[in-house]
**Student:** 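This is the structure, below, for whatever I ask next.
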Amino acid sequence: MARYNPQQIEPRWQQYWADNKTFKTPASIDDKKLYALDMFPYPSGEGLHVGHPEGYTATDIVARQARMTGTAVLHPMGFDAFGLPAEEYAIKTNTHPRISTNKNIENFVAQLQELGFSYDWDRQISTTDENYVRWTQWIFLQLFDTWYDPDQNKGRPISALPIPDEVTAAGPVAVAEYQDEFRLAYQTNALVNWCPNLGTVLANEEVKDGLSERGNHPVERRPLKQWMMRITAYADRLESDLDDLDWSDGVKKLQKDWIGRSTGAEVDFFIGAADQLEGWKQTRSQSGFPRKPGADVLRVYTTRPDTLFGATYMVIAPEHELVQTLTAPQQSDAVEAYRETAARKSDRDRQDDRVKKTGVFTGSYAINPVNGASIPIWIADYVLAGYGTGAIMAVPAHDARDFQFAQTYDLEVIQVVQPPQGDTKGAQCFTGHGTAINSGPFDGTPTAEFKTKIAQQLTQSGTGKTAVNYKLRDWLFSRQRFWGEPFPILHQLDDEGNKTGVVIGVAETDLPVKLPELKDFKPHGRPEPPLEKADDDWLYPVVDGKRYKRETNTMPQWAGSCWYFLRFIDPSNEEVFVDPELEKQWMPVDLYIGGAEHAVLHLLYARFWHKVLFDRGHLCTPEPFQKLVNQGMILGENEFTGFQTPSGNWVSTDFVSQDEDKSYIHATEKTPVTQVSIDPADAEKSGDHFVLTVDPNIKIANKAFKMSKARGNVVNPSEVVQQYGADSLRLYEMFLGPLEQSKPWNTSGVSGVRNFLDRVWRLIVETDNGGDKNEAQEENIIHASVTDNAANEEQLRVLHQTIKSVTTDIEKLSFNTAIARMMEFANFFTKQTTRPKSCLEPFLLLLSPFAPHIAEELWSVLGHEKTLAYEAWPEFDESLIIESTVEVPVQIMGKIKSRLNVPRGTSKDELENLALADEKIARLLDGKKIIKTVIVPDRLVNFVAK
RNA sequence: GGGGGUGUGGCGGAACUGGCAGACGCGCUAGAUUUAGGAUCUAGUGCCCUUACGGGCGUGCAGGUUCAAUUCCUGUCACCCCCA
């Protein structure tokens, strides 16, 4: 009696696949190709989470099935291994992050291999491999060497940048500086969130109310020389190329919103002396709108130039370059104080709608070019220096933030857009489209038309022009960390050891620039990166007799993940980052599956790099990921939770609310209550909610929480493999529900799919004779009912129906229903006393992408010697599926009253006669008048009667 | 506040272009079998009324369109995710 024993057969097949290199990527593509890619993981010390195998199993099913249809498959796995946790662990233990990183990778590989994924492990890469870093640095140099030519709409070599004569005349240093202004990778003084206590720069998301989220240390906004990526140059293409991708509308929209393309107008407001206004107007009407504003105007960007007549004040960002000029002497103290407060806030906090908007009056006024009105100029931090021109015209009647600000400081509100009739939503502040009022000659013009007209007038008068603006900012690319890629950049030094300003890339032949050996990684409280502590040998190289200092910032974690999918194609090439011929064969990625948390940044950055490499002729695909799917989150098991007062009395969920810091309180008494987990046996359903069995007045909650260590509901995939087997885990995660939906874990569901596999095993293997032998000695004997005889009609129908459903469900990535169909197959054949091999064998092939180990084992039990990984995928015969008779429901007034068993294709007339002849129908229709009869052949008959 | 998504039995979820709501699995109930079972097999299982026959109600809620609505339209509520 040999039972199904995954612990025994799974390692054996994993070994077989490894020994035979079963999943080696084919060297050439004869026919179709599939590049199935998972978002590669960060190898954390925690090991694999159940969320990982969800997406990985999905791509594995697609990859395995594709191989069986004669498709050449590239299905690789690697590791995104730079990052903060490894560095923090290194600081804590004073060991090199490479050591812990490699250990974690080893652990991840072992965990992934025990799940039986069909990766080509010969292609495993890590972003931290020196041979990988080499090419990340090489790509950086490409970006450094590229400028964006707006005429050709593509990135081109910096050597092709036209240099104005006066720059050439000023000498080579001037030329170099000019070029630097155009490079896609460039340096600038950026305002960063510097936290002295943590010794690092923080992302905007890591700062709350001027304090670091971790540790609550003060954070300063401080200008530091940083590397940036000119991603804004590609904003248009990054947006428009989304159209041809097979991505969900949701993710496309996220990307579009992040890019945030808006069209509006730039308008100049005169701020010079009043007696010069007329002269200025005249000059402008002749010269037109200048590219850069002069000192006598304040330039704003607005998406609503149609509301110009409603501008009642102006706002400039606290960092705006005209702040000094515009501040009147009597206001200077107030302005200075305000600027200091604003400097401590992050952009995020400044835009927070819940916080009252603040500002300060500069004491100056500007002239509205459309009506000559003189309006006050304010400074407020709700305007960001980085967006548009860093200054706005405020139209409180039609912009929510302006309105809020105007209310606070009692500023004038002039309504200039009449909402459409019946629209009462914006009674005080209407932000939608309507018709113009209080707008001089434009009164009565609809908003959209007004926008075009005003643009024309602004252009004519030289006071404005239409303009496109993006929310997307250039990408802050440097980090003050140790565990990242060093920049392949050298700063030239003069004889005194000061930087001359000349910056060169490291020669390609000198790549990679390796990380230096450091004695400690501890932060030192100054914003210099840890690499500043490297030995002079590393820090001060000499090139062509000149002394240089290395760039000591490192690249962000995004860098490695921006191009790893290209390296998988050609992972060990020493000559180029990817062979162009191979790239042409395999790109784009045909299926990319991963978490939704990467829907914006990772995908945007990777697409940007890809386009630059495309423009520079290194790639032949403009977009990297043709089809993208975001898997849903797997939550913890459903839990019943109730609330208790400190004295232990139950509180119904009706009386529980949350206070500001999210702790639970009694809604009326405002006293704290604690959340208590409740045994499902103590809960019962009452109406549309759950209550305590002991006291039905106490409502309790039933929901699934995110898996977290704190809650103690984390499921470890390795434990599931130990207990149920890898095939069961794979099958369970796919059976749980639709891939893209988040869904709760339920351990008893795993035993459900395990039961199914047990059943499949017993279909083929005799399990009830074997005597006293211990399990290891037992042979798998084919079940007595397995036969070489031909299948009967019903068996064939079940088989072909299963083939059809499973095949189309895999195409739709609807794995849960595919598994349900296979369960039906197993249930049916369990009841069959003869089980033709001609049905069982195709079934095993269908099962194999989902549960590869058991499928291989049973395939060999049936006498096959080779792996089934390249057996032909079964095909179905539609004519064998169709049943000859169908059951047609008969309804009266849309309610089913009877059923007819008729041959498929029975005509309408005949159906009607048969239905009318039906005893029950006849009785119910007796004495009634049939008003209408609806008949859909093979589907239903419906009588409308009175 | 803005955007996206989801609401179907005790639970996870099926249901193609509007056409038999609840496939499949879990759980539960009963029976068979076994030395035993967290094993296997068989049957049942949306809710309510009824001994039964049978009937009524049911896809978050309220309306609408239709012979027919989980599916289409209008409004509304709840939860989840992302952004601010």
Side-chain angles (χ1 to χ4, degrees), chain A residues 1 3 204-205 248-254 256-258 260 346-355 382 400-401 404 431 471 595-597 599-600 630 632-635 637-638 640 680-681 683-690 701-706 723 731-732 735-738 740-756 758-759 762 767-768 805 808-809 812 814 816-827 830-831 886-900 920 930-945:
Chain A
M1 156 165 123
R3 294 239 212 116
N204 280 335
E205 295 75 40
S248 73
D249 291 342
V251 175
K252 283 189 185 179
K253 188 167 187 312
L254 272 176
K256 282 194 179 175
D257 289 351
W258 190 265
S346 71
D347 286 0
R348 188 193 175 96
D349 291 333
R350 286 167 54 163
Q351 300 243 294
D352 196 328
D353 283 337
R354 291 167 305 192
V355 184
Y382 77 93
R401 288 162 308 174
Q404 207 191 338
T431 56
K471 277 205 205 103
E597 67 273 21
V600 179
N630 290 124
M633 205 188 330
I634 298 185
L635 306 169
E637 296 217 21
N638 263 327
F640 290 101
E684 65 182 24
K685 183 113 182 181
S686 162
D688 59 355
H689 52 269
F690 285 89
N702 175 29
K703 64 177 271 190
F705 296 89
K706 238 186 235 180
Q723 215 183 334
L731 219 44
Y732 173 65
F735 187 57
L736 205 49
E740 300 193 60
Q741 197 171 297
S742 57
K743 51 235 160 206
W745 182 270
N746 174 8
T747 297
S748 65
V750 187
S751 63
V753 294
R754 170 62 193 263
N755 284 345
F756 161 63
D758 276 316
R759 228 160 210 251
R762 287 194 302 267
T767 58
D768 56 0
S805 304
T808 54
D809 284 350
K812 292 185 290 185
S814 176
N816 53 332
T817 50
I819 294 166
R821 296 289 90 84
M822 290 190 283
M823 286 172 167
E824 285 179 279
F825 178 97
N827 291 344
T830 294
K831 290 179 189 134
V886 286
E887 192 185 67
V888 176
V890 183
Q891 304 178 331
I892 293 174
M893 302 298 287
K895 307 225 171 194
I896 294 165
K897 296 298 175 187
S898 185
R899 289 164 204 282
L900 300 173
K920 195 172 168 198
I930 298 172
I931 300 164
K932 190 172 177 181
T933 308
V934 181
I935 299 170
V936 184
D938 296 341
R939 295 219 92 128
L940 94 167
V941 178
N942 186 17
F943 294 109
V944 186

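Residue numbers start from 1 in every chain, and the chains themselves are labelled A, B, ... in the order their sequence lines are given, proteins ahead of strands.
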**Student:** Distance-only, no hydrogens or angles: does the A/D809 side chain make a donor-acceptor pair with backbone N or O of A/A818 under 3.5 Å?
**Tutor:** yes
**Student:** Could you identify the nucleotide paired to B/G37, looking across every strand shown and requiring Watson-Crick or G-U wobble geometry with both distances under 3.5 Å?
**Tutor:** none
**Student:** In Å and rounded to the nearest 0.5 Å, what is the CG to CG distance from A/L254 to A/D249?
**Tutor:** 11.5 Å
**Student:** I'd like the P distance from B/G44 over to B/C26, given in whole Å.
**Tutor:** 16 Å
**Student:** Classify A/Q741 by what it touches in the nucleic acid, base, sugar-phosphate, or nothing, heavy-atom distance under 4.0 Å.
**Tutor:** sugar-phosphate
**Student:** Among the candidates B/C20, B/G13, B/C26, find the nucleotide nearest to the side-chain atoms of A/R899.
**Tutor:** B/C20
**Student:** Are A/N816 and A/L736 close enough that some pair of their side-chain heavy atoms sits under 4.5 Å apart?
**Tutor:** no
**Student:** Across all strands, who's sitting opposite B/U59 as a Watson-Crick or G-U wobble pair, both distances under 3.5 Å?
**Tutor:** none
**Student:** Between protein and nucleotides 29-46 of chain B, map the contacts as a letter string: B base, S sugar-phosphate only, - none, heavy atoms under 4.0 Å, written 5' to 3'.
**Tutor:** --------BB-SSS----
**Student:** Please determine if a side-chain N or O atom of A/K253 lies less than 4.0 Å away from the OP1 or OP2 oxygen of B/G3.
**Tutor:** no
**Student:** Could you check how far CD1 of A/I634 sits from P of B/G12, rounded to whole Å?
**Tutor:** 15 Å
**Student:** Given atom CD1 of A/I892 and atom C1' of B/G19, what is their separation to the nearest angstrom?
**Tutor:** 17 Å
**Student:** Just how far, in rounded Å, is P of B/G5 from CG of A/N630?
**Tutor:** 13 Å
**Student:** Can you figure out which of B/G12, B/G25, B/C81 approaches the side chain of A/M823 most closely?
**Tutor:** B/G25
**Student:** Could you grab the distance from atom CG of A/L940 to atom CG of A/L900, nearest 0.5 Å is fine?
**Tutor:** 10.5 Å
**Student:** Should A/L635 and A/F705 count as side-chain neighbours, where that means a heavy-atom distance under 4.5 Å?
**Tutor:** no
**Student:** Could you pick out which residue, A/S751 or A/P738, lies toward the 5' side of RNA chain B when each is mapped onto its nearest nucleotide?
**Tutor:** A/P738
**Student:** When you compare B/U6 with B/U42, how far apart are their C1' atoms, in angstrom units rounded to a whole number?
**Tutor:** 38 Å
**Student:** Glycosidic conformation of B/G58, syn or anti, with 90° from 0 as the boundary?
**Tutor:** anti
**Student:** Counting only side-chain heavy atoms from C-beta out, which of B/C24, B/C20, B/G12 sits nearest to A/E887?
**Tutor:** B/C20
**Student:** Take atom CG of A/D257 and atom P of B/C82, then tell me their distance rounded to the nearest Å.
**Tutor:** 16 Å
**Student:** Show the atom names and distances, to 0.1 Å, of all donor-acceptor pairs under 3.5 Å that link a side chain in residues 744-753 of chain A to residues at least two apart or in another chain.
**Tutor:**
residue: A/W745; atom: NE1; partner: A/T747; partner atom: OG1; Å: 3.1
residue: A/N746; atom: OD1; partner: A/S748; partner atom: N; Å: 3.3
residue: A/N746; atom: OD1; partner: A/S748; partner atom: OG; Å: 3.0
residue: A/T747; atom: OG1; partner: A/E637; partner atom: OE2; Å: 3.0
residue: A/S751; atom: OG; partner: A/S748; partner atom: O; Å: 2.7

**Student:** With both distances under 3.5 Å as the test, what is the Watson-Crick or G-U wobble partner of B/U45?
**Tutor:** B/G27
**Student:** Taking atom NZ of A/K471 as the centre, report whether more than 12 heavy atoms of other residues, nucleotides or ligands fall under 6.0 Å from it.
**Tutor:** no
**Student:** Quick one: A/L940 CG to B/A21 P, roughly how many Å, whole number?
**Tutor:** 10 Å
**Student:** Heavy atoms, side chains only, cut-off 4.5 Å: are A/I930 and A/V944 in contact?
**Tutor:** no
**Student:** For A/R754, which residues count as a salt bridge (charged side-chain N to carboxylate O under 4.0 Å, His left out) partner, sequence neighbours excluded?
**Tutor:** A/D758
**Student:** Which is true for A/F690 with a 4.0 Å heavy-atom rule: it touches a base, it touches only sugar-phosphate, or it touches nothing?
**Tutor:** sugar-phosphate
**Student:** Between B/G56 and B/G60, how far apart are the P atoms? Round to whole Å, please.
**Tutor:** 23 Å
**Student:** Examine the base of B/C24 for any acceptor or donor lying under 3.5 Å from a partner atom in the side chain of A/R821, and report the outcome as yes or no.
**Tutor:** no
**Student:** Taking CG from A/L635 and C1' from B/C79, how many angstroms apart are they, rounded to a whole number?
**Tutor:** 12 Å
**Student:** Using the C1' atoms only, state how far B/A14 lies from B/G4, rounded to an integer number of Å.
**Tutor:** 25 Å
**Student:** Given atom NZ of A/K743 and atom P of B/G7, what is their separation to the nearest angstrom?
**Tutor:** 13 Å
**Student:** For B/C73 versus B/U17, give the span between their P atoms, rounded off to a whole number of Å.
**Tutor:** 14 Å
**Student:** Taking the C1' atom of each, how far is B/U74 from B/U29, in whole Å?
**Tutor:** 45 Å
**Student:** With heavy-atom distances below 4.5 Å as the criterion, would you say the side chains of A/R759 and A/T830 are in contact?
**Tutor:** yes
**Student:** Given the C1' atoms of B/A15 and B/G2, what is the spacing between them in whole Å?
**Tutor:** 34 Å
**Student:** Relative to the 5' end of RNA chain B, which residue comes earlier, A/V888 or A/V934, by the nucleotide with the nearest heavy atom?
**Tutor:** A/V888
**Student:** Across all strands shown, which nucleotide pairs with B/A15 by Watson-Crick or G-U wobble geometry, both distances under 3.5 Å?
**Tutor:** none
**Student:** What is the base-pairing partner of B/A69, counting Watson-Crick and G-U wobble geometry with both distances under 3.5 Å?
**Tutor:** none
**Student:** Whole-Å distance between B/A15 C1' and A/D809 CG?
**Tutor:** 12 Å
**Student:** Using the C1' atoms only, state how far B/G5 lies from B/A69, rounded to an integer number of Å.
**Tutor:** 22 Å
**Student:** If you check every side-chain atom of A/N638, which of B/G25, B/C11, B/A15 has the closest atom?
**Tutor:** B/C11
**Student:** A/N942 near the nucleic acid: base, sugar-phosphate alone, or nothing, with a heavy-atom cut-off under 4.0 Å?
**Tutor:** base
